[in-house]
There are 2 protein chains.
Amino acid sequence: MTTTSTKGQRLPQTSKRSAKAAASDKRPDEDASAGARRRQIMQEAARLFGTRGFEATTIRDIAAATGILGGSIYYHFASKEDIFVAVHGAGMEKITQAVLAAIEGVEDPWDRLEAAAVAHCNDLLGSSEVPVIVSPYYSESLKGLRETLVAQRDRYETVVADLVEALDLPPDVDRSLFRLNFLGALNWMPTWYRPSARLSPADIGRQLVQGLRPR
Amino acid sequence: MTTTSTKGQRLPQTSKRSAKAAASDKRPDEDASAGARRRQIMQEAARLFGTRGFEATTIRDIAAATGILGGSIYYHFASKEDIFVAVHGAGMEKITQAVLAAIEGVEDPWDRLEAAAVAHCNDLLGSSEVPVIVSPYYSESLKGLRETLVAQRDRYETVVADLVEALDLPPDVDRSLFRLNFLGALNWMPTWYRPSARLSPADIGRQLVQGLRPR
DNA sequence: ATCAATCATACAAGCGTTCGTTTGATCGAC
DNA sequence: GTCGATCAAACGAACGCTTGTATGATTGAT
């Protein structure tokens, strides 16, 4: 009896949205509005996937959050899995770019790792448009997508691996394990982080690297 | 919805005699089989929940793995959520006992943390009977169980918090954050660990603490 | 008038769950 | 020892509902 409360969800025929109402609305050109709905769907899907998981999020949930009906989703995406792949890929691309931008110009290897951690936390914990999804999606229901998802994730993990490679670590430290534990701590953060915490995302990232640094 | 058929539901719980059966109640021939099926169901459910997640695992999956039909599950458990709570609680109890046993007699605070990490890894990564589930259960579909699950988890986190409290850390280190990152790295391991790796679970736990130790 | 975008509706499959029934073992009374 | 009675345990077929997806009609801007 886990029925949700999505019973009487009659869509209000308000149609209050008049294009003329907002002067700052995008021009009816084709440059920015092209694929706008698609991005909007991705944004809502990312939020829902991130908080409920893939299976617990329904197409109708995503559609309702976007303001359309379930069937209309299929004009923009071929399947639910396609939405996930798009969202996952965009999130990975976003966090990769954020980290690359953050470490640019930083020289010291440990400072670079710290900058990467801060950027990662800001992206993952901050109110990002398209939250990254790095949850354990070995989930068997996404088995068919696993190769695709791993490929998307590998791009980011390579960046981190390079950062770890440059560190001056004791010779008995397994760098692969170091990277996995570092990413594990980062990826676990969305589980416990609440925006009202006394520590900002940047503080959290900084402290993480601070604890790993040789003292 | 609420049909009037409030017929007497078959009571699934054991509770034959008084709940607290005395030790003398044990029959010499059939004591071991009491609740055996229930444990078997929990074992299969734990494996499936751990690999596919809660929503992607169906009652029929669990039943098939146990060798019975879907409906028969409900003789032993009242609901799918009940199975999860039982499995989660048993897993938490198991890992808590394993960690407590591992740190017993160890004096040095860092050695105690290392022993705890090793025990945690052995329990979580080893082929345990009832795998622990410490995945991100902020999942909204388990919202109603959240308090129960958090209570079960808190027992274990308190043990870890005490271990961290005893460490001699620099004054600027946030111990709460230290604990969360430590647990994050541990909890993320099932995501990437494969038993054929060159490192044993114990190696992994040892290296994790080794990397955190002041050098 | 065109056409991209959305609606409205439908469908088959699968979900958790229920329930009447069946089975095989145990047990007290005869 | 035999025989009903009882019980735990499982079966198998449904139920009501939700899911992802498909499709024809409709809309509104160009």
Side-chain angles (χ1 to χ4, degrees), chain A residues 1-15 17-20 25-30 33-41 45 48 52-64 66-84 141-142 144, chain B residues 1-17 27-31 33-41 45 48-49 52-64 66-84 141-142 144:
Chain A
M1 197 193 287
T2 63
T3 56
T4 60
S5 60
T6 61
K7 200 54 182 291
Q9 205 151 23
R10 286 277 79 105
L11 78 162
Q13 282 284 52
T14 56
S15 76
R17 257 193 67 68
S18 145
K20 306 287 194 301
D25 208 355
K26 296 185 182 73
R27 306 297 274 175
D29 286 350
E30 55 152 14
S33 69
R37 230 324 124 70
R38 187 184 159 93
R39 271 196 302 276
Q40 194 184 355
I41 293 171
L48 291 168
R52 309 184 187 184
F54 179 73
E55 358 262 350
T57 301
T58 73
I59 288 283
R60 288 169 177 83
D61 287 340
I62 301 170
T66 312
I68 59 179
L69 292 191
S72 307
I73 293 277
Y74 288 83
Y75 181 80
H76 304 275
F77 291 92
S79 69
K80 187 188 178 186
E81 290 191 346
D82 262 26
I83 303 178
F84 186 85
S141 47
L142 291 173
Chain B
M1 300 204 179
T2 59
T3 57
T4 61
S5 68
T6 325
K7 296 268 179 80
Q9 163 145 3
R10 238 169 268 157
L11 68 163
Q13 295 287 13
T14 58
S15 76
K16 270 176 85 171
R17 312 269 193 264
R27 302 276 166 66
D29 45 12
E30 63 173 36
D31 58 336
S33 68
R37 231 323 126 68
R38 183 176 223 265
R39 271 195 303 275
Q40 194 185 355
I41 292 171
L48 291 168
F49 285 152
R52 309 184 185 182
F54 178 74
E55 357 264 349
T57 300
T58 74
I59 287 284
R60 290 172 177 83
D61 287 340
I62 301 169
T66 311
I68 59 179
L69 291 189
S72 308
I73 292 278
Y74 289 84
Y75 182 79
H76 303 275
F77 291 92
S79 69
K80 186 188 179 186
E81 292 190 345
D82 261 28
I83 302 177
F84 187 85
S141 48
L142 291 174

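Chain letters run A, B, ... following the sequence lines, proteins first and then strands; every chain starts at 1.
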How long is the span from the [atom1] atom in [X] to the [atom2] atom in [Y], to the nearest 0.5 Å?
X      : Y      : atom1 : atom2 : result
I73(B) : D82(B) : CD1   : CG    : 12.0 Å
Y75(A) : I41(A) : OH    : CD1   : 11.0 Å
R38(A) : I83(A) : CZ    : CD1   : 9.0 Å

Expressed as a whole number of angstroms, how long is the span from [X]:[atom1] to [N]:[atom2]?
X      : N       : atom1 : atom2 : answer
R39(A) : dA5(C)  : CZ    : P     : 13 Å
F54(A) : dG20(D) : CZ    : P     : 8 Å
F77(A) : dA22(D) : CZ    : P     : 15 Å
Y74(B) : dC19(C) : OH    : P     : 13 Å
I68(B) : dA8(D)  : CD1   : C1'   : 13 Å
I73(B) : dC11(D) : CD1   : P     : 10 Å
I83(A) : dT19(D) : CD1   : P     : 14 Å
I59(A) : dT6(C)  : CD1   : P     : 15 Å

Seminar exercise, completed: Applying side chain to side chain contact (heavy atoms under 4.5 Å, CB included) to S72(A) and not counting sequence neighbours gives I68(A), L69(A)

Using only side-chain N and O atoms of [X], determine if any of them is under 4.0 Å from OP1 or OP2 of [N].
X      : N      : result
Y75(A) : dT6(C) : no
H76(A) : dT6(C) : yes
R37(A) : dT6(C) : yes
S72(A) : dC7(C) : yes

Exercise. Which is true for T66(A) with a 4.0 Å heavy-atom rule: it touches a base, it touches only sugar-phosphate, or it touches nothing?
Worked result: nothing

For this session: Have a look at L69(B) and say if it touches a base, only the backbone sugar-phosphate, or nothing, with a 4.0 Å heavy-atom cut-off.
Result: base

Exercise. Taking only residues two or more places apart in sequence or in another chain, which ones pass side-chain hydrogen bond (donor to acceptor under 3.5 Å, both in side chains) with S79(A)?
Worked result: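 side-chain hydrogen bond (donor to acceptor under 3.5 Å, both in side chains) list for S79(A), sorted by chain: empty.
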
Grab the N/O contacts between the protein and nucleotides 13-15 of chain D below 3.5 Å, and write none if there aren't any.
unit_1	atom_1	unit_2	atom_2	d
dA14(D)	N6	R60(B)	NH2	3.3

For this session: Please report the C-alpha distance between F54(A) and E81(A) in whole Å, then the side-chain angles of each, then the deciding distance to 0.1 Å, and finally whether the side chain to side chain contact (heavy atoms under 4.5 Å, CB included) criterion is met.
Result: CA-CA 9 Å; F54(A) 179 73; E81(A) 290 191 346; 4.1 Å; yes

Exercise. Relative to F49(B), does K80(B) satisfy both conditions: NZ or CZ under 6.0 angstrom from the six-membered ring centre, and within 45 degrees of the ring's axis?
Worked result: no

